[in-house]
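Report on one structure; see the data block that follows.
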Amino acid sequence: MFAYHEATKHTIEKLRASPHNLDWINMPDPYRHYEGVPLLDLPATADRGAPLAWLLYHTAAISAAKVVPSTGYRYALRVNPSSGNLHPTEFHFATRGFPGWEDGLYHYRPSSHMVELRMRGRPDTPMDTLPDAGLVFVLTSIPWREAWKYRDRAYRYCLLDIGHAWGCLALAAGEMGWTVKACGHFADPDVAAAIGVTDEWPMLMVTIPLPGTPASAAPREWLGGTPNVLSAHRIDYPSIGAIHECSSLAPPLGPVPRAAPPPPGKGEIVLPAPAAGGRPFAEVVRGRRSALDFRGGWESISKAQLAALLQAASRPFHADFDPPFVSLYLYVHRVDGLERGVYRFWPDPPSLELLQTGDQRLMAAGLSLGQDLAGNCCVAFSMVADLERAGRAFGNRAYRYCHFEAGHIGQRLYITAETMGLQCTGIGAFYDDQVHRHLGIDPSQGQVIYHFAIGYAVHDPRLDAHSFR
């Protein structure tokens, strides 16, 4: 994992030496369909009386559209954010005694808010062995969708997107009173065979326990379906195949490893009580957009709002891979009561450690490949993963887990910010080692894997005000 991570770091020299022109004719289809299987329509409604439809509608459905002014081309946005709006993540799920649904394996079709029934009866192991799970989501990734634009670095974005999807499921399920648990310790070929995928890679299972789920007596009937072709031709990136293969697990599996806890620490700046959000979840999650840029100027956020963001980011994770591995470093541009500078967040107790003073706007933008939004926002983040500690427990599998956690944190930040009238954008492109030098950390202490920016978004004229399904 360190070889892949090092090879895919951004530098000015690499970017200048290897310009990339997008082949728009060969752009992958953002929608996966399995043809020739039964389709079930889902109500597009906020009615919680159809809980599974409600969950998908507030997790992975289309939520809006954008229009390209010069051409009139209209394209969709979804509830779950994605790098470049390319959406490598697919949502498969198995129902096991779920009320109103026959036991089976399904695939969600966001283009029409429908599900495809791919198997009747309970799927094979390992999904069938998960205790008390009335719903088992298998989040898969189609790396070519991201590699079309981001080439070798695309695997990073695929993993971050899985983390966002996990966060979407966790937050929406929480609104239903359900607790989800992420399962990363599984044999990749077994899960791929159980859900019948070839060009999709199972990345994470997310279970929703329903105690007392009865065993199904229905015989298994495999329906399968034919997956649609996403591009006329696909370019293979050997580095992506190599990192995926070396981070995969094969049967038989031993017990789930345990990771050492993160090192303790605290800052000198104690955070106040978190501010409360004022908007309902369904409205927030369906209205969430990634900011095109931020207004800059003198608009600021309060220290209580920052405390709410950090509280959301540091809530415990329910996963079998022992997070947290990710630490948050802040570039504070405009936060009332905090001087401009670089800070490290310590979650227990919630506090900030001041690392550098001074205006960080130009530096934050420059480190994020010159993207102005990292300097125009009120606060920007570097998410730094302790790959060494995670790797000691999980080997190369740790690379997935750290990125899943970072994406999940990003999703929590998105939703918490929106409840308070703020907007966000995730930034997957940055000059890795320059970030480490600026933060004063040795790469053995942690590696930056995600940037994030929060503030007041500029208006995006491409948004279509009409509904989109």
Side-chain angles (χ1 to χ4, degrees), residues 58 63-64 66 77-82 160 163-164 167-168 170-172 174-175 271-315 328-343 345 347 350 352 360-361 364-365 368 371-383 406-428 450-463:
H58 293 88
S63 58
K66 285 187 177 182
L77 304 178
R78 303 191 206 180
V79 173
N80 56 310
S82 174
L160 291 170
H164 277 283
C168 286
L171 291 168
E175 287 293 307
L271 291 168
R279 299 175 59 202
F281 174 81
E283 174 188 310
V284 165
V285 76
R286 294 281 305 170
R288 180 214 61 79
R289 307 286 180 264
S290 294
L292 178 70
D293 198 355
F294 298 97
R295 296 200 291 261
W298 298 103
E299 291 176 296
S300 61
I301 65 173
S302 70
K303 197 187 293 187
Q305 287 176 311
L306 179 61
L309 293 165
L310 294 171
Q311 180 191 60
S314 57
R315 285 199 305 268
L328 298 181
Y329 290 77
L330 290 69
Y331 307 81
V332 171
H333 304 323
R334 295 184 307 282
V335 177
D336 296 335
L338 280 180
E339 63 177 312
R340 289 178 172 177
V342 178
Y343 297 78
F345 171 61
L352 294 173
Q360 299 293 317
R361 289 176 294 177
S368 298
Q371 298 180 76
D372 290 338
L373 50 79
N376 291 335
C377 61
C378 293
V379 59
F381 294 84
S382 285
M383 300 189 195
H408 194 153
I409 290 171
Q411 190 60 26
R412 290 176 174 183
L413 292 175
Y414 262 123
I415 300 306
T416 304
E418 291 273 356
T419 65
M420 299 185 292
L422 305 170
Q423 290 78 43
C424 307
T425 193
I427 304 170
Y450 202 15
H451 273 191
F452 213 81
I454 301 176
Y456 298 93
V458 300
H459 172 65
D460 187 345
R462 298 171 298 173
L463 276 173

To the nearest 0.5 Å, atom CG of Leu309 lies from atom CD1 of Ile409 at 12.5 Å
Validation row: Arg334, Arg340 side chains within 4.5 angstrom (heavy atoms): yes
Check whether His333 reaches the backbone of Ala374 with its side chain - one donor and one acceptor, N or O, closer than 3.5 Å.
yes
- Query: Between Leu306 and Leu338, is any pair of side-chain heavy atoms under 4.5 Å apart?
  - Reply: yes
Is a side-chain donor or acceptor of Arg288 paired with a backbone partner of Arg78 at a separation under 3.5 angstrom?
yes
Of all heavy-atom pairs linking Ser368 and Ile427, the shortest is CB-CG2, 4.1 Å
Gln311 and Pro274 have their tightest heavy-atom pair at NE2-CG, 3.5 Å
Note: Ala304 and Ala273 closest approach over all heavy atoms is CB-O, 3.5 Å
Those residues at least two apart in sequence (or on a different chain) that pass side chain to side chain contact (heavy atoms under 4.5 Å, CB included) with Asn376 are Asp293, Phe294, Asp372
Does the Gln360 side chain pair with the main chain of Tyr331, one donor and one acceptor, at a distance under 3.5 Å? no
d(Leu422 CG, Ile301 CD1) to nearest 0.5 Å is 6.0 Å
- request: In plain terms, say whether Arg289 and Asp460 are close enough for a salt bridge, that is, a side-chain N and a carboxylate O under 4.0 Å apart.
  value: no
Between Met383 and Ala406 the two heavy atoms that sit nearest each other are SD-O, 3.5 Å
Scanning both residues in full, the closest heavy-atom pair of Cys377 with Gly455 reads CB-N, 4.4 Å
CZ of Arg286 to OG of Ser63, rounded to nearest 0.5 Å, is 5.5 Å
- Query: According to the interplanar angle, ranging from 0 to 90°, do the rings of His164 and Phe452 count as parallel (below 30°), tilted (30 to 60°) or perpendicular (above 60°)?
  - Reply: parallel
Nearest heavy-atom approach of Leu292 to Leu373 is O-CD2, 3.5 Å
Applying side chain to side chain contact (heavy atoms under 4.5 Å, CB included) to Asp336 and not counting sequence neighbours gives Ser300
Is the shortest side-chain heavy-atom distance between Leu171 and Val285 below 4.5 Å? no
Do Arg315 and Arg412 touch side chain to side chain, with heavy atoms closer than 4.5 Å?
yes
Do Gln305 side-chain atoms and Ser302 backbone N/O form a donor-acceptor pair below 3.5 Å? yes
Q. Is the backbone N or O of Tyr456 less than 3.5 Å from a side-chain atom of Arg295, with the two atoms forming a donor-acceptor pair by type?
A. no
